[in-house]
Peer 1: 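Can you read through this structure? Questions will come right after.
Side chains are part of it too, since the values below use all heavy atoms of this structure and drop only hydrogens, waters and symmetry mates.
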Amino acid sequence: KLVDIKKEIAVIVARKQNGDTVSYPVTELVFHPQANLVEYLFSPADLSTELEEEAQKLALNIIRKLDMVGLLAVEMFLDSNDQILVNELAPRTHNSGHHTIEANQTSQFEQHLRAILDLPLGDTSTIIPSAMVNLLGEPGFNGPAIFEGMEKVLQIEGVHIHLYGKSTTKPFRKMGHVTITGNDMVSIKEKIISVKHSLKIKA
């Protein structure tokens, strides 16, 4: 049945062998209109406290029911009636948690290691509001990657660039991501626009 989607959101959760679990704050995903992948995300999501708690509870229930150890990303739809529907599961560190490197007390990568090595799970609380922008190969370009606008973007306060070491680019290939941190979502969204317009990956 076709879902009337109001928002797409995601929750990262982790579980140890002994059953201990933690959940990260809900992120709000914005998808690329052509490439069917996450173009950028916001954290925390613009949700009511009730919906935030419901989404986290649902994700934690799933990882417990799966009896899974490690990290799990749960992508969800929020429909026009504020019903939350699970869309996709990813049993690994995930695109929807990349911002946690700068924005949360414990990154998703450290959390995964803590979970599988049976170490105490880390604090998932937010240090600072953030966004994550995927760096995608520009349409029409195939070959050795050239990053245009890197110096301009690095001058923006709160911008952190992560490149994946891929030497060749192709249209919409994920070549890296940028985390943007700031004190308010208005300024963060302005910086997202600057990053998207300034940093281009060509060949």
Peer 1: Under the rule for salt bridge (charged side-chain N to carboxylate O under 4.0 Å, His left out), what residues qualify as partners of Arg15, not counting sequence neighbours?
Peer 2: Asp67

Peer 1: Can you tell if the side chain of Leu78 reaches within under 4.5 Å of the side chain of Ile5, non-hydrogen atoms only?
Peer 2: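 Heavy-atom side-chain distance check fails, nothing below 4.5 Å.
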
Peer 1: Please report the shortest heavy-atom distance between Glu8 and Phe31, naming the atom on each side.
Peer 2: OE1-CE1, 3.1 Å

Peer 1: Please list all pairs meeting salt bridge (charged side-chain N to carboxylate O under 4.0 Å, His left out) that have one or both residues in residues 48-57, counting only residues at least two apart or in different chains.
Peer 2: none

Peer 1: Residues two or more places apart in sequence or in another chain: which of them pass side chain to side chain contact (heavy atoms under 4.5 Å, CB included) with Asn18?
Peer 2: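 Side chain to side chain contact (heavy atoms under 4.5 Å, CB included) list for Asn18, sorted by chain: Lys16, Asp20.
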
Peer 1: Run the numbers on Thr181 and His160 for side chain to side chain contact (heavy atoms under 4.5 Å, CB included), then give the verdict.
Peer 2: CA-CA 8 Å; Thr181 57; His160 311 268; 3.6 Å; yes

Peer 1: Please list all pairs meeting salt bridge (charged side-chain N to carboxylate O under 4.0 Å, His left out) that have one or both residues in residues 139-153, counting only residues at least two apart or in different chains.
Peer 2: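 Output for this query lists Glu148-Lys202.
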
Peer 1: Any chance the side chains of Thr168 and Arg173 put a donor and an acceptor closer than 3.5 Å?
Peer 2: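 Their side chains do contain a donor-acceptor pair, which is all the 3.5 Å distance test asks for.
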
Peer 1: Only pairs at least two apart or in different chains count here, so list each ring-ring contact (aromatic ring centres under 6.0 Å, His included) that has a residue in residues 33-65.
Peer 2: Tyr40-Phe42

Peer 1: Is there a donor-acceptor contact under 3.5 Å from the side chain of Lys166 to the main chain of Lys174?
Peer 2: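 Pair found, side chain donor or acceptor close to backbone of Lys174.
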
Peer 1: Looking at residues at least two apart in the chain, or sitting in another chain, which of them share a salt bridge (charged side-chain N to carboxylate O under 4.0 Å, His left out) with Asp82?
Peer 2: Lys6

Peer 1: When you look at Ile201 and Ile146, which way does the side chain to side chain contact (heavy atoms under 4.5 Å, CB included) test go after all the steps?
Peer 2: CA-CA 6 Å; Ile201 304 169; Ile146 299 170; over 6 Å; no

Peer 1: Is any side-chain heavy atom of Met150 less than 4.5 Å from a side-chain heavy atom of Ser198?
Peer 2: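 SC-SC contact between Met150 and Ser198 ruled out.
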
Peer 1: With heavy-atom distances below 4.5 Å as the criterion, would you say the side chains of Lys189 and Ile180 are in contact?
Peer 2: no

Peer 1: Give a yes or no on whether the backbone of Leu119 and the side-chain of Arg114 come within a donor-acceptor separation of less than 3.5 Å.
Peer 2: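 Not confirmed, Arg114 side chain does not pair with Leu119 backbone.
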
Peer 1: Any pair with a residue in residues 45-76 that passes ring-ring contact (aromatic ring centres under 6.0 Å, His included), sequence neighbours left out, goes on the list, sorted by first then second residue, please.
Peer 2: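 Every pair satisfying ring-ring contact (aromatic ring centres under 6.0 Å, His included) with a residue in residues 45-76: there are none.
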
Peer 1: So do Met76 and Asn87 actually touch side chain to side chain, heavy atoms under 4.5 Å?
Peer 2: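 Of all side-chain heavy-atom pairs linking Met76 with Asn87, none is under 4.5 Å.
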
Peer 1: Just to verify, what does Lys170 make a salt bridge (charged side-chain N to carboxylate O under 4.0 Å, His left out) with, not counting sequence neighbours?
Peer 2: none

Peer 1: Can you pull the ring-ring contact (aromatic ring centres under 6.0 Å, His included) pairs that have at least one residue in residues 120-151, sequence neighbours excluded?
Peer 2: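 Listed by first then second residue: nothing to list.
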
Peer 1: Can you confirm whether more than 12 heavy atoms, excluding those of His197, are under 6.0 Å from its NE2 atom?
Peer 2: no

Peer 1: Within the distance-only criterion (no hydrogens, no angle test), does the side chain of Glu28 pair as donor or acceptor with the backbone N or O of Asp46 below 3.5 angstrom?
Peer 2: yes

Peer 1: Under 4.5 Å between any side-chain heavy atoms of Val30 and Leu41, yes or no?
Peer 2: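 SC-SC contact between Val30 and Leu41 ruled out.
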
Peer 1: With a 4.5 Å heavy-atom cut-off, do Ile193 and Val195 have their side chains touching?
Peer 2: no

Peer 1: Under 4.5 Å between side-chain heavy atoms, counting indirect links through other Ile/Leu/Val/Met/Phe/Trp/Tyr residues: same cluster for Val133 and Val38 or not?
Peer 2: no

Peer 1: Would the distance check show the side chain of Asn81 and the main-chain N or O of Gln83 forming a donor-acceptor pair, the cut-off being under 3.5 Å?
Peer 2: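 A pair under 3.5 Å: no.
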
Peer 1: Applying salt bridge (charged side-chain N to carboxylate O under 4.0 Å, His left out), can you list everything that pairs with Glu39, at least two apart in sequence or on another chain?
Peer 2: Lys196

Peer 1: Step by step, would you call Ile12 with Thr100 a side chain to side chain contact (heavy atoms under 4.5 Å, CB included)?
Peer 2: CA-CA 10 Å; Ile12 301 281; Thr100 59; 6.0 Å; no

Peer 1: Taking the side chain as C-beta and beyond, is there a heavy-atom pair between Ile9 and Thr27 under 4.5 Å?
Peer 2: no

Peer 1: Should Ser96 and Leu29 count as side-chain neighbours, where that means a heavy-atom distance under 4.5 Å?
Peer 2: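 Yes; the side chains approach each other to less than 4.5 Å.
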
Peer 1: With a 3.5 Å distance limit and no angle check, can you tell me whether Asn104 reaches the backbone of Thr124 through a side-chain donor-acceptor pair?
Peer 2: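 Checked: pair present.
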
Peer 1: Sort and list the pairs that fulfil ring-ring contact (aromatic ring centres under 6.0 Å, His included) and have at least one residue in residues 54-106, not counting sequence neighbours.
Peer 2: His98-Phe109, His98-His177

Peer 1: Quick check on Asp184: does its CG atom have over 12 non-hydrogen neighbours (other residues, nucleotides or ligands) under 6.0 Å away?
Peer 2: yes

Peer 1: Take Asp118 and Val69 through the side chain to side chain contact (heavy atoms under 4.5 Å, CB included) test and state the conclusion after the steps.
Peer 2: CA-CA 9 Å; Asp118 199 31; Val69 173; over 6 Å; no

Peer 1: side-chain hydrogen bond (donor to acceptor under 3.5 Å, both in side chains): which pairs involve residues 128-142, sequence neighbours left out?
Peer 2: Asn95-Asn134

Peer 1: Just checking, any donor-acceptor pair under 3.5 angstrom between side chains of Thr179 and Glu102?
Peer 2: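 A pair is found: one side chain offers a donor N or O, the other an acceptor, under 3.5 Å apart.
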
Peer 1: Would you kindly say whether Tyr24 and Gln111 are connected by a side-chain donor-acceptor distance under 3.5 Å?
Peer 2: yes

